[in-house]
Colleague: 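Here it is, the structure in full.
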Amino acid sequence: MITVTLAPQAGTGTSAAGTPGTPRLEAVTDTTARLSWAGASGAGRYLVQERDGAHTWVVGESTGTSVTLRNLPAGSTHTVNVLASDASGRFSAPSDPLTFTTGTPSDAACAVTYHRDTGWGNGFVATVTVRNLSAAPITGWTVDWDWPVEGQSVSSGWNASFGQTGRHVRVTAPEGSGPLAADGASTVSFGFVGANDGPNPDPTAFRLNGSVCSGG
């Protein structure tokens, strides 16, 4: 008979640290986000990890209960949670996630206004107005955004062509439309009927031909 004795390596096994609280967004700019969370018993340090589907990676670390994430892309959406580490380096279960979107740069080359005209239990009508603030006119524009939550969608629209994949929406200029004048001298507007299965927050980041736009 062969007897095998197994011993856990350092940093494995059940953590003595509790689970941290759900992170909160304290402040956000176009490139930074300050997060805080309720501390966990037995925690020596905390790791903030970002999640994208099945993939996770560490984006911040702190011995306290807050951290500022830096060098984030403007108008980008992130889903993060927090893990606590005990004195032996063993990690707790992750906190519930937080999803947030960074802001837009002050020198944005475009501006978008999103206005919800009316709404009912599981639907709404919205109008989007776009201005080109760059020094050159734009012909053949596209406007992109991501819905903040699942269950939001475009059902039908006018004055443009609409497409949606997952949460991502792309709106394309109608064939034969004129250019968007430079320096905000003209605007283009389109509208749509949307559907929502639950909460219906407004999108917070728009792109014109790939460039992040300011709001308003």
Side-chain angles (χ1 to χ4, degrees), residues 3-106 108 114 116 121-122 144-153 164-169 196-207 212 214-215:
T3 301
V4 178
T5 302
L6 301 177
Q9 295 180 352
T12 63
T14 302
S15 175
T19 302
T22 304
R24 300 181 299 272
L25 183 63
E26 300 291 349
V28 64
T29 70
D30 57 331
T31 60
T32 67
R34 180 170 177 79
L35 310 176
S36 66
W37 55 88
S41 60
R45 65 188 178 109
Y46 298 91
L47 295 183
V48 179
Q49 63 178 12
E50 183 162 355
R51 300 168 51 186
D52 182 7
H55 304 286
T56 62
W57 60 96
V58 175
V59 292
E61 181 176 351
S62 176
T63 56
T65 56
S66 65
V67 70
T68 298
L69 307 182
R70 304 184 186 278
N71 300 316
L72 303 174
S76 58
T77 299
H78 306 267
T79 298
V80 298
N81 56 27
V82 183
L83 295 86
S85 172
D86 66 13
S88 299
R90 296 171 297 192
F91 290 105
S92 69
S95 70
D96 289 336
L98 165 73
T99 298
F100 67 90
T101 301
T102 56
T104 56
S106 58
Y114 179 94
R116 200 183 315 172
N122 59 352
D144 293 83
W145 73 81
D146 292 294
W147 293 116
V149 299
E150 296 288 349
Q152 294 176 288
S153 63
Q164 180 167 337
T165 302
R167 294 188 190 180
H168 185 75
V169 177
N196 57 287
D197 181 15
N200 188 30
D202 294 346
T204 56
F206 296 84
R207 286 176 169 81
V212 179
S214 64

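Counting begins at 1 with the first residue of the sequence.
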Colleague: Find out whether T204 and F100 are in side-chain contact, i.e. whether some heavy atom of one side chain is under 4.5 Å from a heavy atom of the other.
Modeller: no
Colleague: Should the heavy atoms of other residues, nucleotides or ligands under 6.0 Å from CG of D197 be counted, would the total exceed 12?
Modeller: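 Check fails, neighbour count at 12 or below.
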Colleague: Shortest non-hydrogen contact from A84 to A17?
Modeller: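 Taking every non-hydrogen atom into account, CB-CB, 3.9 Å.
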Colleague: Could you check whether any side-chain heavy atom of S85 comes within less than 4.5 Å of a side-chain heavy atom of L47, counting everything from C-beta outward?
Modeller: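 No, every pair of side-chain atoms sits at 4.5 Å or beyond.
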Colleague: Compare all side-chain heavy atoms of N81 with those of Q49 and state whether any distance is below 4.5 angstrom.
Modeller: yes
Colleague: I need the minimum non-hydrogen distance between A205 and W145, along with the two atoms involved.
Modeller: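 In this case the closest contact between A205 and W145 is O-CB, 3.4 Å.
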Colleague: Donor-acceptor pair, S214 side chain versus A108 backbone, under 3.5 Å?
Modeller: no
Colleague: Could you pull out the closest heavy-atom pair between V212 and P105, with the gap in Å?
Modeller: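 Between these two residues, the closest heavy atoms are CG1-CD, 4.0 Å.
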Colleague: Hey, is the main chain of Q152 close enough, under 3.5 Å, to the side chain of Q164 for a donor-acceptor pair?
Modeller: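 Yes: the side chain of Q164 pairs with the backbone of Q152.
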Colleague: I need the minimum non-hydrogen distance between P201 and P199, along with the two atoms involved.
Modeller: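 In terms of heavy atoms, the two residues are closest at CD-C, 3.4 Å.
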Colleague: Say whether, by atom type as modelled, one donor and one acceptor occur between the side chain of S66 and the main chain of S36 under 3.5 angstrom.
Modeller: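 No; judged by distance alone, with no hydrogens or angles, the pair does not exist.
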Colleague: Quick check for you: to the nearest 0.5 Å, what is the distance between R70 atom CZ and T29 atom OG1?
Modeller: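 Result: 9.0 Å between the selected atoms.
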Colleague: State, with a plain yes or no, whether a side-chain heavy atom of T104 is found less than 4.5 Å away from one of F206.
Modeller: no
Colleague: Report yes if the side chains of P148 and T101 come closer than 4.5 Å at any heavy-atom pair, otherwise no.
Modeller: no
Colleague: Is the number of heavy atoms from other residues, nucleotides or ligands under 6.0 Å of R167 CZ greater than 12?
Modeller: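 Enclosed: over 12 neighbouring heavy atoms sit under 6.0 Å from CZ of R167.
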Colleague: Can you find a pair of side-chain heavy atoms, one from N200 and one from R116, that are under 4.5 Å apart?
Modeller: yes
Colleague: Identify the two heavy atoms, one from A40 and one from P20, that lie closest to each other, and give their separation to 0.1 Å.
Modeller: CB-N, 3.8 Å
Colleague: Atom OG of S95 and atom OH of Y46: how far apart are they, to the nearest 0.5 Å?
Modeller: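 S95 OG to Y46 OH: 11.0 Å, rounded to 0.5 Å.
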Colleague: Side chain to side chain contact (heavy atoms under 4.5 Å, CB included), that's the test. Do T102 and D30 meet it? Break it down for me.
Modeller: CA-CA 5 Å; T102 56; D30 57 331; 5.6 Å; no
Colleague: Rounded to the nearest 0.5 Å, what separation is found between the OG1 atom of T165 and the CG atom of D146?
Modeller: 10.5 Å
Colleague: With rounding to the nearest 0.5 angstrom, report the CZ to OG1 distance, R24 to T65.
Modeller: 8.0 Å
Colleague: Is any side-chain heavy atom of V82 less than 4.5 Å from a side-chain heavy atom of V48?
Modeller: yes
Colleague: Contact between T14 and R90 at the side-chain level, heavy atoms closer than 4.5 Å - yes or no?
Modeller: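 Answer no - side chains too far apart.
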Colleague: What's the separation between atom CD in E50 and atom OG1 in T79, rounded to the nearest 0.5 Å?
Modeller: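 Atom-to-atom, E50:CD and T79:OG1 are 7.0 Å apart.
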Colleague: Where do L25 and L98 come nearest, in terms of heavy atoms and distance?
Modeller: N-CD2, 3.9 Å
Colleague: Which distance, rounded to the nearest 0.5 Å, do you find between the OG1 of T19 and the CG of L83?
Modeller: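 Nearest 0.5 Å value for the OG1-CG distance: 8.5 Å.
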